[in-house]
Chemist: 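Quick one: the structure is below, and I'll ask about it shortly.
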Amino acid sequence: MTDAGEYGFMLKTPETLQWIQRLFNDPDKVVVFHNAKFDLKMFSFEGIDIFDIKAHIDCTLILSKLYNMLLPSYKLRWLSIHFLNRTTEDKDEIEIWLKSHRREFSAEYGRPPNFSDAPLRTVARRAIWDVTSTLLLHRFMKPRVMRASRSLYMTERDLMFVVVDMENTGVEVDITRAKQLRKSAKKYRDQILQDLKDLVGDIVVEKKKKGERIKVEVDGEKFNPGSGQHLVGAFRKLGIPLKFKTKPKKKKDGTYSGGGNWAFDEYAMIRYVSKPLAGIIRESGEDGWPTDKFYEEVYEILQREGLSKREPLPPLVLKYRELSKMVSTYYDYIISHAVDVYTRPDGREVGVLHCSFNQSEAKTGRFSSSSPNMQNMPRILGPRECFIVRRGRRNWHLDYEQVEMKFFCHFSEDDDMADAIEDDIHEFVASEIYGVPRDQITKEQRKRAKAINFGILYGAGPNKIAETLTERGLPTTNAEAALLCARYHKRFPSIRRLTAQYERQLIKDGYVTNPFGRRYHVPKKQGYKILNYMCQGTSADLMKLSMVKVWKYLRSIGSAARILITVHDELVVEIPPCEEVSLVPKLKRLMEDRNSYYVPITVGVEVATKRWSKKSDPHFDLKTGAGLN
DNA sequence: CTCTTACGCCC
DNA sequence: GTACGGGCGTAAGAGA
């Protein structure tokens with residue numbers, strides 16, 4: 001579809017690809033996509049050099065997200081109906097076709113059908129409706145977003161190419177290691193399962209059927225620690241009175257649902273066992289004990305303290321869950337999704353994992369990551385060991401230090417807090433709210449102050465702060481937390497002034513704007529979220545800008561270094577050793593901003609030489625350059 | 001097969 | 001008197 005109203009539908013052929021190439025080479029053209037990243041990726045797979053496009057590429061998905069982050073849907077269909085008053089059939093013809101042909105198609109071709117398998121007429125009709133909508137949506141969104149958030153949109157637009165490049169690069173994985181870890185995790189998982197079966201035996205399980213409760217006997221061999229219902233049966237059989245229920249959970253739309261079932265999460269389990277075992281659960285989690293140590297320790301405590309035979313149930317269930325998760329979420333996934341797999345001369349099987357990064361999913365402006373999610377890899381347990389550094393490269397982790405807390409200082413403009421952020425903000429706040437000199441602050445006091453700092457950043461109230469602390473093993477009453485919060489606000493009055501100011505802006509305009517021009521439309525009832533949106537979102541936009549800067553710089557000098565992943569305030573770049581000396585300090589400077597804000601925004605640098613780890617290499621000193629090459 | 005619920009990991 | 005922010009993925013269960 002063009003501005004002149006011409007439209008058409010093309011099949012993928014060498015000729016049409018050439019046509020696309022010519023279009024991309026024309027600096028006078030503006031080419032619009034809804035979710036351009038997807039199309040750019042497709043084109044790059046077809047051999048088109050998307051990083052050298054002369055035309056101006058726009059994305060209506062990104063535009064719509066910037067226009068308003070709170071819309072119930074960002075599908076072309078919804079946006080068109082809502083903003084363009086376009087009409088459409090109630091049903092999605094292609095979706096219907098896919099659904100009704102799934103079985104028969106899979107039987108014939110051995111895979112489920114996709115878009116391009118649908119009848120040409122259906123596909124063409126839908127495609128034309130889509131491109132027409134996209135162009136009209138562009139006419140609506142572009143001027144509005146350019147008025148409100150011009151430079152931000154330009155960053156997001158450049159960022160699309162960075163993301164495609166990053167995803168196409170992928171990360172190298174050590175499949176041999178993943179298989180070893182999976183084997184070991186399965187071994188312990190099965191051993192623990194056997195222990196649990198022996199401990200629990202046959203149980204009676206309550207199931208629901210059409211609103212009625214039905215009792216079913218479950219053979220000991222069929223016991224499943226992953227089932228809440230089975231756990232209820234097991235606890236009853238072993239004579240452990242059930243005490244704790246799940247609480248309603250907040251859903252994405254802000255409403256609450258769920259809750260009321262018997263809870264078996266870690267905190268509940270800790271409260272079901274005696275003190276020594278609870279200690280083991282906590283300590284093993286904090287220090288990342290190996291499974292065998294945990295296992296032996298549980299039984300040793302049982303002996304030593306002469307505890308009841310049923311006591312290992314909760315810790316073993318926790319460990320079973322953890323190991324199951326490791327196997328299914330991480331090891332299985334890595335092993336089955338690695339591509340370009342080959343065996344290195346040293347006998348190790350390695351491959352590449354191409355995960356995806358979504359630059360316009362999170363409301364605040366942050367990236368999200370999926371398939372697999374690289375942003376929630378456990379920090380202490382096995383999975384990170386599976387990610388390795390490419391031969392002839394080292395991975396440099398550049399991370400913004402305390403960046404959200406720094407923007408918090410920036411917005412609140414509290415001089416004392418700004419001074420403390422570069423040292424130890426939690427200790428400083430502890431000293432202020434406890435009225436104790438900084439060198440006399442205890443670990444507990446600092447921990448509570450830290451919880452308050454983050455709690456206030458996240459919009460929590462005293463009760464929630466008390467609850468969080470208690471769950472984390474530092475019992476705190478509501479009154480205690482309320483007192484500390486009150487002292488906090490008395491000592492740092494600018495925080496309340498700031499939130500009040502945000503609330504006023506919200507009432508006046510319906511949104512609040514961050515320093516990069518990103519607007520946060522927030523329901524008036526949820527004003528407590530704004531402070532967090534501002535801190536989290538400003539950090540995110542700074543990172544996005546940095547990624548574009550870094551990527552452009554690397555290209556401009558023809559560097560072989562590549563951006564691998566981003567984890568919110570951290571950027572991982574793989575660099576050939578010969579470039580390190582000049583590049584690392586340069587990237588650090590590119591990312592840092594020591595002047596624009598109330599406090600200097602600085603970047604910490606760490607290097608990983610073999611595996612994915614933030615641990616510094618003790619043989620490398622950035623300042624002296626010792627250890628290079 | 002799809003939805004909800006519970007759980008748990010990350011910043 | 002209110003109320004911790006932002007994500008993703010898995011398994012189990014229930015209803016269709």
Side-chain angles (χ1 to χ4, degrees), chain A residues 69 99 102-103 205-212 214 224-231 245-252 254 256-269 285 317-318 320-322 324-330 332-333 355-358 361-381 383-384 399-400 402-405 408 451-469 471 481 485 499 520 522 525-537 539-540 543 565-570:
Chain A
M69 66 173 204
K99 242 178 209 169
R102 174 139 42 207
R103 191 159 294 167
V205 167
E206 250 182 25
K207 289 193 171 296
K208 272 186 195 157
K209 206 117 202 180
K210 313 238 176 196
E212 281 182 57
I214 298 189
N224 178 3
S227 160
Q229 292 174 349
H230 284 208
L231 289 180
K245 294 208 169 178
T246 60
K247 284 178 290 190
K249 256 189 71 183
K250 202 180 254 180
K251 295 172 73 176
K252 261 196 168 176
Y256 288 85
S257 72
N261 298 313
W262 293 115
F264 299 103
D265 58 64
E266 186 183 291
Y267 182 51
M269 294 302 209
V317 168
L318 290 175
Y320 172 88
R321 271 208 299 253
E322 180 188 297
S324 307
K325 183 168 186 173
M326 290 298 142
V327 171
S328 60
T329 308
Y330 299 111
D332 280 347
Y333 194 96
C355 54
S356 36
F357 291 92
N358 195 331
E361 184 60 39
K363 288 186 283 195
T364 54
R366 266 191 181 178
F367 268 97
S368 75
S369 161
S370 58
S371 320
N373 182 348
M374 299 298 294
Q375 298 180 326
N376 71 346
M377 285 294 161
R379 295 182 63 81
I380 39 183
L381 298 164
R384 279 189 195 225
D399 86 295
Y400 283 111
Q402 300 259 36
V403 64
E404 288 189 21
M405 217 44 102
F408 180 77
I452 286 172
N453 282 333
F454 277 103
I456 282 166
L457 185 64
Y458 291 157
N463 293 356
K464 195 67 190 182
I465 291 170
E467 185 186 326
T468 308
L469 277 166
E471 280 177 20
C485 283
T499 46
Y520 298 113
V522 181
K525 292 255 173 199
Q526 298 176 17
Y528 69 92
K529 288 182 177 174
I530 305 176
L531 184 63
N532 179 254
Y533 284 177
M534 292 292 280
C535 297
Q536 189 185 120
S539 312
M543 174 57 91
I565 61 166
T566 167
V567 190
H568 310 306
D569 56 4
E570 176 185 6

Chemist: Reckon Thr329(A) has a side-chain N or O less than 4.0 Å from the OP1 or OP2 of dT10(C)?
Modeler: no
Chemist: Across the strands shown, which category fits Ser324(A) at heavy-atom distances under 4.0 angstrom: base, sugar-phosphate, nothing?
Modeler: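 Ser324(A): no heavy atom of the nucleic acid under 4.0 Å.
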Chemist: Salt bridge check: are Glu467(A) and Lys464(A) linked by an N-O gap of less than 4.0 Å?
Modeler: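 Counted as a salt bridge, because a side-chain N and a carboxylate O are separated by less than 4.0 Å.
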Chemist: For Met377(A), does its backbone N or O pair with a side-chain atom of Arg384(A) as donor and acceptor, under 3.5 Å?
Modeler: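 Between the backbone of Met377(A) and the side chain of Arg384(A) there is a qualifying donor-acceptor contact (under 3.5 Å).
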Chemist: Quick check: any donor-acceptor pair below 3.5 Å linking the side-chain of Lys325(A) to the base of dG8(B)?
Modeler: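 Under the 3.5 Å cut-off, the side chain and the base do form a donor-acceptor pair.
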Chemist: Separation of Asp569(A) atom CG from dC10(B) atom P, in whole Å?
Modeler: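 It is 14 Å, rounded to the nearest whole Å.
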Chemist: Can you measure Asp332(A) atom CG to dG9(C) atom C1' for me and round it to whole angstrom units?
Modeler: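 From Asp332(A) CG to dG9(C) C1': 13 Å.
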Chemist: Taking the side chain from Tyr320(A) and the backbone from Gly226(A), do they hold a donor-acceptor pair closer than 3.5 Å?
Modeler: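 Looks like no, no N/O pair under 3.5 Å.
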Chemist: Expressed as a whole number of angstroms, how long is the span from Tyr400(A):OH to dC10(B):P?
Modeler: 23 Å
Chemist: Quick one: which of dC10(B), dC8(C), dG9(C) gets closest to the side chain of Glu361(A)?
Modeler: dC8(C)
Chemist: Please state whether the phosphate of dT5(B), meaning OP1 or OP2, lies under 4.0 angstrom from any side-chain nitrogen or oxygen of Ser257(A).
Modeler: yes
Chemist: Would you kindly give the OH-to-C1' distance between Tyr528(A) and dG1(C), to the nearest whole Å?
Modeler: 15 Å
Chemist: Report the nucleotide, chosen from dG8(B), dT10(C), dG6(C), that has the shortest atom-to-atom distance to any side-chain atom of Asn376(A).
Modeler: dG8(B)
Chemist: Distance check needed: dT10(C) P versus Leu318(A) CG, whole Å only.
Modeler: 21 Å
Chemist: Report the base-pairing partner of dC4(C) (Watson-Crick or G-U wobble, both distances below 3.5 angstrom), or none.
Modeler: none
Chemist: By nearest atom, which of the nucleotides dG6(C), dG8(B), dC4(C) is closest to the Glu266(A) side chain?
Modeler: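 It is dG8(B).
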Chemist: Report which part of the nucleic acid Phe367(A) touches: base, sugar-phosphate, or nothing (heavy-atom distance under 4.0 Å, all strands).
Modeler: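 Nothing: the residue Phe367(A), judged by heavy atoms under 4.0 Å, touches no strand.
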Chemist: For the atom pair CG (Asp265(A)) and CG (Leu318(A)), what is the distance rounded to the nearest 0.5 Å?
Modeler: 8.5 Å
Chemist: Using modelled atom types only, decide if a donor and an acceptor are shared between the side chain of Ser371(A) and the backbone of Ser356(A) within a distance under 3.5 Å.
Modeler: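 No: the side chain of Ser371(A) does not pair with the backbone of Ser356(A).
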Chemist: Closest to the Asn261(A) side chain: dA6(B), dA3(C), dG7(C)?
Modeler: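 Among the listed nucleotides, the one closest to the side chain of Asn261(A) is dA6(B).
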Chemist: Need one value for Gly537(A): base, sugar-phosphate or nothing, where a base atom within 4.0 Å counts as base even if backbone is also close, heavy atoms only.
Modeler: nothing
Chemist: When you check every protein heavy atom under 4.0 Å of nucleotides 11-16 of chain C, what one-letter string (B, S, -) results, 5' to 3'?
Modeler: SSSSS-
Chemist: Any chance you could measure Phe408(A), atom CZ, to Gln402(A), atom CD, to the nearest 0.5 Å?
Modeler: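 One finds 12.5 Å between CZ of Phe408(A) and CD of Gln402(A).
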Chemist: Using a heavy-atom cut-off of 4.0 Å across all strands, would you classify Lys250(A) as base, sugar-phosphate, or nothing?
Modeler: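 Sugar-phosphate contact only - Lys250(A) comes under 4.0 Å of backbone atoms but never of a base.
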Chemist: Ring centres within less than 5.5 Å and planes less than 30° apart: is that true of Tyr458(A) and dG5(C) in this structure?
Modeler: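 Yes, Tyr458(A) stacks on the base of dG5(C).
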Chemist: Choosing from dG6(C), dT5(B), dC7(B), which nucleotide comes nearest the side chain of Lys363(A)?
Modeler: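 Ranking dG6(C), dT5(B), dC7(B) by closest atom to the Lys363(A) side chain puts dG6(C) first.
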Chemist: Would you indicate what Pro462(A) reaches in the nucleic acid, counting non-hydrogen atoms under 4.0 angstrom: base, sugar-phosphate, or nothing?
Modeler: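 Here Pro462(A) touches the bases of the nucleic acid.
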Chemist: Begin with the C-alpha distance, continue with both residues' side-chain angles, and end with the deciding distance and a verdict on side-chain hydrogen bond (donor to acceptor under 3.5 Å, both in side chains) for Ser539(A) and Glu404(A).
Modeler: CA-CA 6 Å; Ser539(A) 312; Glu404(A) 288 189 21; 4.7 Å; no
Chemist: If you check every side-chain atom of Lys529(A), which of dC11(B), dC7(B), dG5(C) has the closest atom?
Modeler: dG5(C)
Chemist: Contact class for Ala263(A) (heavy atom, under 4.0 Å): base, sugar-phosphate, or nothing?
Modeler: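 Sugar-phosphate: the residue Ala263(A), judged by heavy atoms under 4.0 Å, touches backbone atoms but no base.
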Chemist: Using atom CE of Met374(A) as one end and atom P of dC10(B) as the other, report the distance to the nearest whole Å.
Modeler: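 Going from Met374(A) (CE) to dC10(B) (P), I get 14 Å.
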Chemist: How long is the line joining CZ of Phe264(A) and P of dT10(C), in whole Å?
Modeler: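 After rounding, the reported distance stands at 24 Å.
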Chemist: Using a heavy-atom cut-off of under 4.0 Å over every strand shown, decide if Ser539(A) touches base, sugar-phosphate, or nothing.
Modeler: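 It contacts nothing in the nucleic acid.
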Chemist: Does Asn373(A) contact dC8(C) through a side-chain donor or acceptor facing the base, at a distance under 3.5 Å?
Modeler: no
Chemist: Rounded to the nearest 0.5 Å, what separation is found between the CZ atom of Phe264(A) and the OG1 atom of Thr246(A)?
Modeler: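 Nearest 0.5 Å value for the CZ-OG1 distance: 10.0 Å.
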Chemist: With a 4.0 Å cut-off on heavy atoms, is Leu231(A) in touch with a base, just the backbone sugar-phosphate, or nothing at all?
Modeler: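 No contact at all - Leu231(A) keeps every heavy atom at 4.0 Å or more from the nucleic acid.
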Chemist: Kindly assign one of parallel, tilted or perpendicular to the pair Phe367(A) and Phe357(A), based on the angle between their ring planes and the thresholds 30° and 60°.
Modeler: perpendicular
Chemist: Would you mind classifying the nucleic acid contact of Met377(A) as base, sugar-phosphate or nothing, using non-hydrogen atoms under 4.0 angstrom?
Modeler: sugar-phosphate
Chemist: Within this structure, what is the OH-to-P distance between Tyr256(A) and dA6(B), rounded to whole angstrom?
Modeler: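 The distance from OH of Tyr256(A) to P of dA6(B) comes to 14 Å, rounded to the nearest Å.
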Chemist: Determine which nucleotide pairs with dC3(B), using a 3.5 Å limit on both distances of a Watson-Crick or G-U wobble pair.
Modeler: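 Paired with dC3(B), as far as the under-3.5 Å criterion goes, is dG13(C).
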Chemist: Between the base of dC11(B) and the side chain of Arg366(A), is there any donor-acceptor pair under 3.5 Å?
Modeler: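 For Arg366(A), whose side chain was compared with the base of dC11(B), there is a donor-acceptor pair (under 3.5 Å).
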Chemist: Has the side chain of Ser227(A) got a donor or acceptor atom that lies under 3.5 Å from a matching backbone atom of His230(A)?
Modeler: yes
Chemist: Should the side chain of Ser370(A) and the base of dC8(C) be counted as holding a donor-acceptor pair, with the cut-off at 3.5 Å?
Modeler: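 Such a pair does not exist between side chain and base.
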